[in-house]
Amino acid sequence: MADIELIVEADEPALFFSSVKGAEAYLEAIDVRNGVYRAAFGPDGQPFDIRAASGRVTITPALRGAEPGELRALLLRFLESTNDKNIGPDDDLPVLLARCGYAAI
């Protein structure tokens, strides 16, 4: 299981990356411009901005506070989409991220 450095909200409903550089290489600029990736977070809920210019994707820390509640909601949507039946109502971010680690790209 890889460490997750970046979580991107998408139609899946989430993509998990072991590095920001890996996410920049994986995501397509056209999809960024078309709004496919609605949000991105670090493992503690730190928001990231995703931009596309000249056919390249860049991901940088956003200049706003952490959003752990938004990340937790995204992780719960992802786990529910996989029919994971072992979600606890008090599971915190590290527990939820560990459950998603198999999906890291």
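Predicted model only: the values in this text are computed from it and were never measured.
Within the model, atoms CD of Glu70 and CG of Leu75 stand 11.5 Å from one another, a figure rounded to the nearest 0.5 Å.
Counting only heavy atoms from C-beta outward, the side chains of Leu79 and Cys100 approach each other to under 4.5 Å.
By the rule that hydrophobic residues join a cluster once side-chain heavy atoms approach within less than 4.5 Å of another member, Ile105 and Leu74 end up as members of separate clusters. In this structure, Val32 is a member of the same hydrophobic cluster as Phe17, with clusters built from ILVMFWY side-chain heavy atoms closer than 4.5 Å. Note on Leu93 and Tyr102: same hydrophobic cluster, where clusters join Ile, Leu, Val, Met, Phe, Trp and Tyr whose side-chain heavy atoms are under 4.5 Å apart, directly or indirectly. Cluster membership check: Ile7 does not share its hydrophobic cluster with Leu15, using side-chain heavy-atom separations under 4.5 Å among Ile, Leu, Val, Met, Phe, Trp and Tyr.
Here Phe78 pairs with Phe16 under the ring-ring contact (aromatic ring centres under 6.0 Å, His included) rule; sequence neighbours left out. Under the rule for a side chain to side chain contact (heavy atoms under 4.5 Å, CB included), the partners of Asp49 that lie at least two apart in sequence or sit in another chain are Arg51, Thr60, Ala62, Arg64. Remark: Arg38 engages Asp11 in a side chain to side chain donor-acceptor pair (under 3.5 Å) (not counting sequence neighbours).
Panel note: side chain Asp31, backbone Glu28; no donor-acceptor pair is recorded below 3.5 Å. Listed for the Arg72 side chain is a donor-acceptor partner under 3.5 Å among the backbone atoms of Asp91. Side-chain atoms of Gln46 come within 3.5 Å of backbone N or O of Asp44 as a donor-acceptor pair. Listed for the Arg99 side chain is no donor-acceptor partner under 3.5 Å among the backbone atoms of Asp84. A donor-acceptor pair under 3.5 Å links the side-chain atoms of Glu24 to the main chain of Ile59, judged by distance alone. Side chain of Asn34 to backbone of Ile30: a donor-acceptor contact under 3.5 angstrom is found.
Closest of all the heavy-atom pairs between Ala23 and Leu6 is CB-CD2, 3.6 Å. Considering every non-hydrogen atom in both Leu71 and Gly45, the closest pair reads CD2-N, 3.6 Å. Closest approach of Ser81 and Pro13 over heavy atoms only: OG-CD, 3.4 Å. In terms of heavy-atom proximity, Ala40 sits nearest to Ile50 at CB-CD1, 3.7 Å.
Listed by first and then second residue, the ring pair (Phe, Tyr, Trp, His ring centres under 6.0 Å) pairs involving residues 49-70 amount to none (not counting sequence neighbours). Evaluation of the ring pair (Phe, Tyr, Trp, His ring centres under 6.0 Å) test over residues 41-65, restricted to residues two or more places apart or in two chains, returns none.
We find that Glu80 and Arg77 are not joined by a salt bridge, their nearest charged nitrogen and carboxylate oxygen being 4.0 Å or further apart.
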| task | Before giving the answer on side-chain contact (heavy atoms from CB on, under 4.5 Å), spell out for Tyr26 and Val8 the whole-Å C-alpha distance, their side-chain angles and the decisive distance to 0.1 Å. | result | CA-CA 11 Å; Tyr26 182 88; Val8 177; over 6 Å; no
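Using a 4.5 Å cut-off between side-chain heavy atoms of Ile, Leu, Val, Met, Phe, Trp and Tyr, Val95 forms no hydrophobic cluster with any other residue.
Annotation for Arg33: atom CZ counts as buried by contact number, over 12 foreign heavy atoms lying within 6.0 Å.
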